[in-house]
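Report on the structure given below.
Note that the structure is predicted; figures quoted are calculated from it, not measured. Note on naming: letters A, B, ... go to the chains in the order of the sequence lines (proteins, then strands), and numbering restarts at 1 for each one.
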2 protein chains.
Amino acid sequence: MTTDPRVQRTQDRLRQALADLVLQRGYEPITIRELAAAAGVGYATFFRHYPTKDALLLDLLQHSIQELARLLPPGLNADPVEEGRVIFEHAAQHEQFYRILLHSEGTQALLAQIQAVAVAEVLGRFGGQRAPAIPLEILAHHLVASIIALIDWWLQRGQPYPPPRMGQIYAEMIMRPFLALAGGERR
Amino acid sequence: MTTDPRVQRTQDRLRQALADLVLQRGYEPITIRELAAAAGVGYATFFRHYPTKDALLLDLLQHSIQELARLLPPGLNADPVEEGRVIFEHAAQHEQFYRILLHSEGTQALLAQIQAVAVAEVLGRFGGQRAPAIPLEILAHHLVASIIALIDWWLQRGQPYPPPRMGQIYAEMIMRPFLALAGGERR
DNA sequence: TAGCTTATGATACACTGTGTATCACAAAAA
DNA sequence: TTTTTGTGATACACAGTGTATCATAAGCTA
């Protein structure tokens with residue numbers, strides 16, 4: 001196990017430096033030399049921890065996801081409007097993470113993984129009931145993709161509506177049609 | 001204007017070589033040297049026509065778009081099911097184009113442009129009627145993003161349903177909720 | 001504290017790919 | 001034919017990646 005505090009320190013510095021640089025100038029133009037310098041770390045040291053820049057990006061996002069998972073409110077299943085409001089409050093509070101995840105090249109694999117996890121969650125929650133007219137797999141993908149697209153739209157335009165309003169829109173435009181087609185919740 | 005047949009020949013070869021290579025091994029790992037060799041063109045000649053690999057990719061896609069625009073059936077506004085079927089027939093016939101556009105890095109700008117054009121089209125078609133409960137801008141973005149996501153899902157999984165079935169799904173899952181919220185067509 | 005282990009910093013280096021410059025040659029245009 | 005212009009081939013400068021090496025410092029253990 002890697003409990004050496006020097007390792008932790010180096011990796012923390014690299015993750016933090018990457019987060020800073022990505023928000024300043026985007027992901028692609030960053031060089032590893034520049035990244036190591038910003039982290040206050042030797043150039044060769046980078047490769048002792050990560051084989052590529054993409055590997056560091058994935059590690060950064062996975063750490064962020066674990067932090068977010070700890071903060072995520074556990075029971076979102078009550079009111080769709082309230083559920084949507086919580087989602088968009090969360091997106092507003094962690095805008096940096098979402099922007100990096102949604103718009104840095106090199107995150108498509110991770111985003112696809114996250115999406116797959118969310119789809120599986122939806123499938124599990126709506127799985128065992130009367131067969132819907134549209135395959136549930138398609139409905140689940142449509143639901144997840146729609147939520148991601150709406151968050152992306154909202155953040156890219158500087159949050160033009162407050163989270164409670166976005167919660168209403170989410171409930172009416174996304175969840176209500178989905179529930180009508182999937183047939184309401186179960187278990 | 002560039003009517004020199006040598007220029008046309010060189011650029012055609014480069015576009016064709018890029019299309020072939022992208023489908024074989026993806027976009028990013030292709031080098032310009034390799035591309036020029038595959039096109040049967042000198043290495044330096046590449047830079048006489050395109051400043052970067054991305055520029056060639058955009059040129060290739062824009063040429064493809066122009067071809068597709070010529071083939072696009074003019075009146076899609078009749079039956080949503082039929083409209084959806086036509087869309088997915090089109091996606092099946094031009095799968096290569098869609099896959100490159102949707103999954104090559106370096107196409108996000110172009111994809112965003114196409115999406116913006118489609119959104120504007122929707123806004124124009126549903127613009128001047130009773131104000132919907134949800135801002136039409138959001139509805140239009142949701143509609144366009146949903147269609148793109150559904151096409152992407154379908155192609156990535158090897159077209160698991162035939163186009164007529166996808167047309168039904170499109171009508172029921174995407175268009176019907178949209179029309180209910182946007183308030184039906186006009187003009 | 002002393003001694004061992006391991007991560008780090010610094011540097012040099014080979015390697016790959018980009019983009020430019022040059023020049024002789026071939027193809028198109030007048 | 002003469003002129004113009006695109007092309008092929010080559011050499012080159014440059015930037016960025018990934019590896020190797022070694023002295024030093026930080027952390028662990030007795």
Side-chain angles (χ1 to χ4, degrees), chain A residues 1-61 63 100 104-110, chain B residues 1-61 63 100 104-110:
Chain A
M1 198 55 67
T2 334
T3 48
D4 192 320
R6 293 172 294 182
V7 172
Q8 294 303 325
R9 194 176 58 106
T10 297
Q11 295 186 357
D12 282 346
R13 284 182 178 180
L14 284 173
R15 279 189 292 262
Q16 187 57 50
L18 180 61
D20 294 345
L21 288 177
V22 165
L23 295 173
Q24 286 172 25
R25 355 197 327 255
Y27 175 70
E28 307 89 42
I30 299 172
T31 67
I32 295 179
R33 286 208 143 79
E34 173 188 15
L35 184 61
V41 154
Y43 172 66
T45 300
F46 175 89
F47 297 98
R48 296 182 174 119
H49 297 272
Y50 303 99
T52 63
K53 202 173 56 159
D54 280 8
L56 172 59
L57 177 62
L58 294 187
D59 186 46
L60 165 63
L61 289 174
H63 269 252
I100 293 176
S104 300
E105 303 185 11
T107 58
Q108 275 134 346
L110 180 61
Chain B
M1 199 53 70
T2 334
T3 51
D4 192 319
R6 294 172 294 181
V7 172
Q8 295 303 324
R9 195 177 57 106
T10 298
Q11 295 186 356
D12 283 344
R13 285 182 177 181
L14 285 172
R15 279 188 293 262
Q16 187 58 49
L18 180 60
D20 295 345
L21 289 176
V22 165
L23 294 173
Q24 287 172 24
R25 353 199 327 257
Y27 175 70
E28 308 91 41
I30 300 172
T31 68
I32 295 180
R33 285 207 143 81
E34 172 187 16
L35 184 60
V41 154
Y43 172 66
T45 300
F46 176 89
F47 298 99
R48 294 181 176 121
H49 297 271
Y50 303 100
T52 62
K53 202 174 56 160
D54 280 8
L56 172 60
L57 177 62
L58 293 187
D59 186 46
L60 165 64
L61 290 173
H63 270 250
I100 293 175
S104 300
E105 302 186 10
T107 58
Q108 277 135 346
L110 180 61

Checklist entry - So do the side chains of B:Leu14 and B:Thr45 get within less than 4.5 Å of each other, counting heavy atoms only? => result no
Checklist entry - How many angstroms lie between atom CG of B:Leu60 and atom CG of B:Asp12, to the nearest 0.5 angstrom? => result 10.5 Å
Checklist entry - A:Tyr27 side chain to A:Asp54 main-chain N or O, any donor-acceptor pair under 3.5 Å? => result yes
Could you go through nucleotides 22-30 of chain D and list every protein N or O atom that sits under 3.5 Å from one of its N or O atoms, giving the distance for each pair?
unit_1 : atom_1 : unit_2 : atom_2 : d
D:dA26 : N3     : A:Arg6 : NH1    : 2.9

Checklist entry - So, does A:Thr31 use its side chain to make a donor-acceptor pair with the main chain of A:Glu34 at under 3.5 Å? => result yes
Checklist entry - If you measure only the distance, is there a donor-acceptor pair under 3.5 Å linking the side chains of B:Thr10 and B:Arg13? => result no
Item to check | Protein-nucleotide distance (B:Gln11, atom CD; D:dT5, atom C1'), rounded to Å | outcome: 15 Å
Checklist entry - Roughly how far, to the nearest 0.5 Å, is the CG atom of B:Leu35 from the OH atom of B:Tyr43? => result 10.5 Å
Checklist entry - C:dT8 phosphate, OP1 or OP2: any side-chain N/O from A:Thr10 under 4.0 angstrom? => result yes
Output a table of nitrogen or oxygen pairs between the protein and nucleotides 13-19 of chain C separated by less than 3.5 Å.
unit_1 : atom_1 : unit_2  : atom_2 : d
C:dT18 : OP1    : B:Ile32 : N      : 3.4
C:dT18 : OP2    : B:Ile32 : N      : 3.3
C:dG19 : N7     : B:Tyr43 : OH     : 2.9

Item to check | Heavy-atom side-chain contact between A:Tyr50 and A:Gln11 under 4.5 Å | outcome: yes
Checklist entry - Atom CD of B:Glu105 and atom NZ of B:Lys53: how far apart are they, to the nearest 0.5 Å? => result 9.5 Å
Next on the checklist: Quick check on the helix from C:dT1-D:dA30 to C:dA30-D:dT1: what's the angle between its two end axes, five base pairs per end, to the nearest 10°?
Outcome noted: 30°
Checklist entry - Where is the tightest heavy-atom contact between B:Thr52 and B:Phe46, given as atom of each residue plus distance? => result O-CZ, 3.5 Å
Checklist entry - Could you state the CG-C1' distance from B:Asp12 to D:dG6, rounded to the nearest angstrom? => result 15 Å
Checklist outcome for this item: Taken to the nearest whole Å, CZ/A:Arg13 to C1'/C:dG9 is 12 Å
Next on the checklist: Side-chain N or O of A:His49 versus OP1/OP2 of C:dA7: is the shortest distance under 4.0 Å?
Outcome noted: no
Next on the checklist: Taking the side chain as everything from C-beta on, heavy atoms only, tell me whether B:Gln24 gets closer than 4.5 Å to B:Leu21.
Outcome noted: yes
Item to check | N or O in side chain of B:Thr45 less than 4.0 angstrom from D:dG8 OP1/OP2 | outcome: yes
Item to check | Non-hydrogen side-chain atoms of A:His49 and A:Leu56 separated by less than 4.5 Å | outcome: no
